[in-house]
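What follows is a single structure, written as structure tokens, with notes after it.
FYI, the numbering just counts along the sequence from 1.
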Amino acid sequence: MSNPQDDNEITAVTQAQVAQIADHGIYTSATQLDPDAVHLAEALVATLSGSTEQPLLTPELQQLVEQVRAKATIGFPRITAHDGVGLSAFTIKLNGDEPRPVVIVPAGWTPLGWTLFVYTYLQLALRGYHVLAYTPRGIGQTFPLPGGGYLDAPFTSGGTIDVAGRNDWTDGSTVIDYAQEHLSPSKVAFLGESYGSGISQLVAAHDPAARVDAVVALSTWGNLATSIYDNGTRHLKAVDALVKLTGGPKERKFDPATLQLLADFEAGENLDKVVEWGTERAPSSYADRTNARGVPTFFSNTWHETLFFEQLTVPKHLNLWIGDHAAPEGAGLTIPFSGPNLPVEEAFAWLDHHVLGVSNEVPSWPTVNNQIMFTYKTQTDPATGQNVITEPARRESADSWADVTTSTEHWYLTSVGPDSRDGGLAADEESGWKREFTAGQLTDATAVDALIATGQAEWKGNPKTYPTDKFDRQHLAVWTSAPLPVGAKGTARRVRGVPELTLTVRSSAASTTLVAYLFDVSSDDTARIITHEPLTLTDLTPGQDRTATWRLQAAGYDLAADHRLMLVVNSKDMLYSDALTDAGADSSTTTITSVDGTAARLTLPLG
């Protein structure tokens, strides 16, 4: 949003801008919101607050605002936290004396605070809910003043960012107190996206009076520690993006202790303290509390993110979608669509049943419902050259996450594959071979082109394609299967669940990073990514073997007949830290081999 000191008049929102958000999502990069999404938020807030005399909204949005105004009162309070910090908030109080539930929405990690999803609040009000949205402490835009000092935007909350710590849990309970005093709700639900989803779960687990009746967690996380640091590898790009998306300079946004933790993380130092700090903030650490309270919890995520779903015994539901963080539900929370946004509509249905008391189909839902990559049907838009989805991807249900995988098979790494340059993937073990590459260089085998953007394109029917002939074998190793025949269920392979990789490694350095990618390769040698995951090995003795096993990210993927599986291992991906950079070295030699008794293998989950 614009600087509060600026006198720039807000211009009217156009249908083209709404269409732009629908096509490209709410982010232009991992560190910047789409200007059209910002403009829409500004226009909605200005209209609801009465600070503009000019019509700013499209007819559909204007009608929505008028419908809500006819049945509710809009408020812009500041809620005082236990330590005096002021939390910026937004309320919709339905008229009348009939008891109504409230949906409390902690904002995500965004410089716009609670304003980004005003469209969602209006939709919830029309469904029969009071709404109380707020910006978690420290989040929101902060502007430097010419003579020194800073000015916070109205939607910015005071204090420093607690990163879903104990202050955020306590703030959530304070917000419930405010809701009970001013809205007199019959029940309390929390709905959050990304950062707000974790806070929602933590408040539900810790509220002293156990007042949370249901939770919706969109693009959520189970353990902050493993989300940013796993398999000995730091997720540097993700943390860098978060720091840059707070809305102000990090020295103002974080307290000294958190700044030190961030510095340690960036430097790869004191990581045990970073893990302890993140685990304290992990909803998964408090699954027993959630279970004891029986809080019905709805999860909506993408295949590239991890959860703790199986630990919960409460009424629960998990949707997994194509794309990456916030891609499936982001636009659906922000703008009107010509058709329903399923991730958001199903979240609303969950609230309707568990909080509003609506008799709907939620009790008959499967526990797990997964969208399968990339089974949607598309056609090419001649104007843009991009694919347009004509039929959504097929979804598959299961009674539990454990039931998603019905069997596994081993693919053994061998010395020679269909392409003489590479190794193979075969049904029989082979030992005694080795493949070497020079570590330390980025390659064309990467997880994404850009955080957020690649996942949004995937969600819209345009997954990244990889020309495999550009994979530089000097800096990576490749193993490929023969073309796969069609199976009994009409596909060559139905990958369902968490693949696992076992390799024997030696390095000329004392530590090395391995990034494993599993690809689906078509007959023209172009590939799409199925899954990936890094691993960093330390305390190596140069020249001596170390056998390692690690799990890749979960996947639900169908391979077509005559396609091939391709496993690629390199040493560096822009998303992650790597051992050579940490050591200040330029290169080393990585050797991958297979030894008797511990054959190099890929364990593939099937369904």
Applying side-chain hydrogen bond (donor to acceptor under 3.5 Å, both in side chains) to Q456 and D324, what does each step give before you reach the verdict?
CA-CA 7 Å; Q456 179 66 29; D324 207 340; over 6 Å; no

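- The one candidate from R496, K489, R493 that meets the salt bridge (charged side-chain N to carboxylate O under 4.0 Å, His left out) condition with D558 is R496.
- Here OG1 of T246 is found 9.5 Å from CG of L242. Values are rounded to the nearest 0.5 Å.
- Counting only distance, with no hydrogens or angles, the side chain of N360 and the backbone of A349 share a donor-acceptor pair below 3.5 Å.
- Side-chain contact annotation: E396 with N369, donor-acceptor N/O pair under 3.5 Å absent.
- Crowding of D381 atom CG: a count of heavy atoms from other residues, nucleotides or ligands under 6.0 Å exceeding 12.
- Rounding to the nearest 0.5 Å gives a distance of 4.5 Å between CG of L320 and CG of N370.
- To the nearest 0.5 angstrom, L559 atom CG is 8.0 Å from L518 atom CG.
- Using the six-membered ring where Trp is involved, W109 and Y195 have ring planes that are perpendicular, over 60° apart on the 30 and 60° scheme.
- For V131, the side chain to side chain contact (heavy atoms under 4.5 Å, CB included) partners are I92, Y121, L124, not counting sequence neighbours.
- For the pair T491/V486, no side-chain contact is recorded, criterion being any heavy-atom separation below 4.5 Å from C-beta on.
- In this structure, T375 contributes its side chain and I372 its backbone to a donor-acceptor pair below 3.5 Å.
- Taking the side chain to side chain contact (heavy atoms under 4.5 Å, CB included) definition, one finds that Q371 meets it with W321, I322, A393, R395, W459, sequence neighbours left out.
- In this structure, a donor-acceptor pair under 3.5 Å is present between the side chains of T513 and T536.
- Between H354 and W350, the angle of the ring planes lies from 30° to 60°, which puts this pair in the tilted group.
- Interatomic distance, OG1 of T110 versus CD1 of I139, reported as 8.0 Å (0.5 Å rounding).
- Here the side chains of D352 and R127 are in contact, with some heavy-atom distance below 4.5 Å.
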Working note: T480 + V478, criterion side-chain contact (heavy atoms from CB on, under 4.5 Å); need CA distance, chi angles, decisive distance, verdict.
CA-CA 7 Å; T480 309; V478 180; 3.6 Å; yes

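- Heavy atoms of other residues, nucleotides or ligands lying less than 6.0 angstrom from NZ of K237 number 12 at most.
- In this structure, a donor-acceptor pair under 3.5 Å is present between the side chains of Y517 and D573.
- Although no hydrogens or angles enter the test, the distance criterion places a donor-acceptor pair under 3.5 Å between the side chain of N462 and the main chain of N387.
- Side-chain polar atoms of T11 and H39 form a donor-acceptor pair below 3.5 angstrom.
- Put simply, OG on S481 and CE on M566 are 9.0 Å apart, with the number rounded to the nearest 0.5 Å.
- In terms of modelled atom types and a separation under 3.5 Å, the side chain of T135 and the main chain of F155 share a donor-acceptor contact.
- A donor-acceptor contact under 3.5 angstrom links the side chains of T220 and Q201, judged on distance only.
- With 3.5 Å as the limit, one finds no donor-acceptor pair spanning the side chains of H563 and S522.
- Under the 30°/60° scheme for interplanar angles, the aromatic rings of H235 and Y576 are found to stand perpendicular.
- Here E458 does not pair with K460 in a salt bridge; the nearest charged N to carboxylate O distance is not below 4.0 Å.
- Residue pairs that meet the side-chain hydrogen bond (donor to acceptor under 3.5 Å, both in side chains) test with at least one member in residues 465-478, sequence neighbours left out, are D422-R473.
- In this view, D34 satisfies the side-chain hydrogen bond (donor to acceptor under 3.5 Å, both in side chains) rule with no residue, not counting sequence neighbours.
- For the side chain to side chain contact (heavy atoms under 4.5 Å, CB included) test, residues two or more places apart in sequence or in another chain that qualify with A347 are V216, L218, F298.
- Contact record, W479 with T414: CD1-O, 3.4 Å, taken as the closest heavy-atom pair.
- Looking only at atom types and distance, the side chain of N570 has a donor-acceptor partner in the side chain of T443 under 3.5 Å away.
- Atom CG of L565 and atom CD1 of I530 lie 5.5 Å apart (nearest 0.5 Å).
- When only modelled atom types and interatomic distance are considered, S219 and E329 share a side-chain donor-acceptor pair under 3.5 Å.
- Side-chain atoms of S284 never come within 3.5 Å of backbone atoms of A282 as a donor-acceptor pair (strictly under, hydrogens ignored).
- Remark: D240 does not engage R234 in a salt bridge, criterion side-chain N to carboxylate O under 4.0 Å.
- With contacts defined as side-chain heavy-atom distances shorter than 4.5 Å, the pair E533/D230 qualifies.
- By the ring pair (Phe, Tyr, Trp, His ring centres under 6.0 Å) test, Y119 pairs with no residue at all, sequence neighbours left out.
- For the 3.5 Å distance criterion, the side chains of Q67 and Q63 fail to qualify, holding no donor opposite an acceptor.
- Relative ring orientation between F299 and F308 is described as perpendicular, the plane-to-plane angle rising above 60° on a 0-90° scale split at 30° and 60°.
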